[in-house]
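What follows is a short report on a single structure.
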Amino acid sequence: MAAALLVTAALPAPAVSAGGRPSSLAPAAGGYYAAAAGLSGPALKTVLHSIISRQASSVSYGQVWDALRNTDEDPGDPARVIELYTGRSVAKNRAGAGAGDWNREHVWAKSHGSFGTTTGPGTDLHHLRAEDVTVNSIRGNKDFDDGGSPVTGAPGNYTDSDSFELRDAVKGDVARMILYMAVRYDGFADLEPNDSVGNGPAPAIGRISVLKKWNAQDPPDAFEQRRNEVIYKDYQHNRNPFVVHPEWVNAIW
């Protein structure tokens, strides 16, 4: 069943090809971020917050299931999704709570700021991803950092008592999701990255020094770019600016 949208305003859609896919990121994205040209530091963050907060629609937490079937679709098989941490391709109909199922992972852990599943930060598709139930539980609400012991069932991921390290292929994806949240919800629970781990319920996630390194190490790929445009076109009508301009991470932080 297609996700119903709570539409409150209309924003222009990106240019699309005859097949319905975005024909180019550059033309639509250039105009979208025009007000940010030449800015840096707090001024850039403030303008980006204004741009991406013009979010014309939201999905409910229940509607996130269908949205993730679209945003996280396996490009090689439309009946499957790609899990964020494991990288596995799993059947879309395996959404659930059992072993081997995939569920809805809040990359910015919902306990960091206590926003739960509130429509807005708790349902924002720019930081919600499909993930294996067991691995999602292992990550829990840990901050992000390098190091730890290998995560069973998720090669390339590591964890310890207070942090989680991603496999190399999605390190940048996660960094850009976290920093999107810090810009989009600046003022709502005042979400901010810091350079700590073990942040618990504070509206903060670390470590910013590691996230900046991951952003540089793993630039946006086709999967991440497509996902950004699908969220803009089909759901929220806003973008993650760091997917188009990863250099803005260092310009702000």
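The structure presented is a predicted model; accordingly, all values stated were derived computationally and were not measured.
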For Y61 and H106, I'd like to know if the aromatic rings sit close, meaning centre-to-centre distance below 6.0 Å. yes
Within 45° cone and under 6.0 Å: R239 NZ/CZ vs Y32 ring: yes
Has R167 got its NZ or CZ under 6.0 Å from the middle of the six-membered ring of Y85, at an angle within 45 degrees of the ring axis? no
Run the salt-bridge test on [X] and [Y] with the 4.0 Å N-O cut-off and return the result as yes or no.
X	Y	answer
E83	R129	no
R94	D101	yes
R80	E73	no
K171	E165	yes
D74	K92	no

Smallest separation among heavy atoms of D145 and R207, with atom names: OD1-NH1, 3.1 Å
Looking only at heavy atoms, what is the nearest atom pair of G206 and D143, with distance? N-OD1, 2.9 Å
Should the ring pair F242 and W253 be called parallel, tilted or perpendicular, given that the plane angle runs from 0 to 90° and is split at 30 and 60? tilted
Taking the inter-plane angle between the rings of Y33 and W248 on a 0 to 90° scale, is it parallel (under 30°), tilted (30 to 60°) or perpendicular (over 60°)? perpendicular
From the options R88, R104, R226, R227, select the one residue that forms a salt bridge (Lys or Arg N to Asp or Glu O under 4.0 Å) with D72. R227
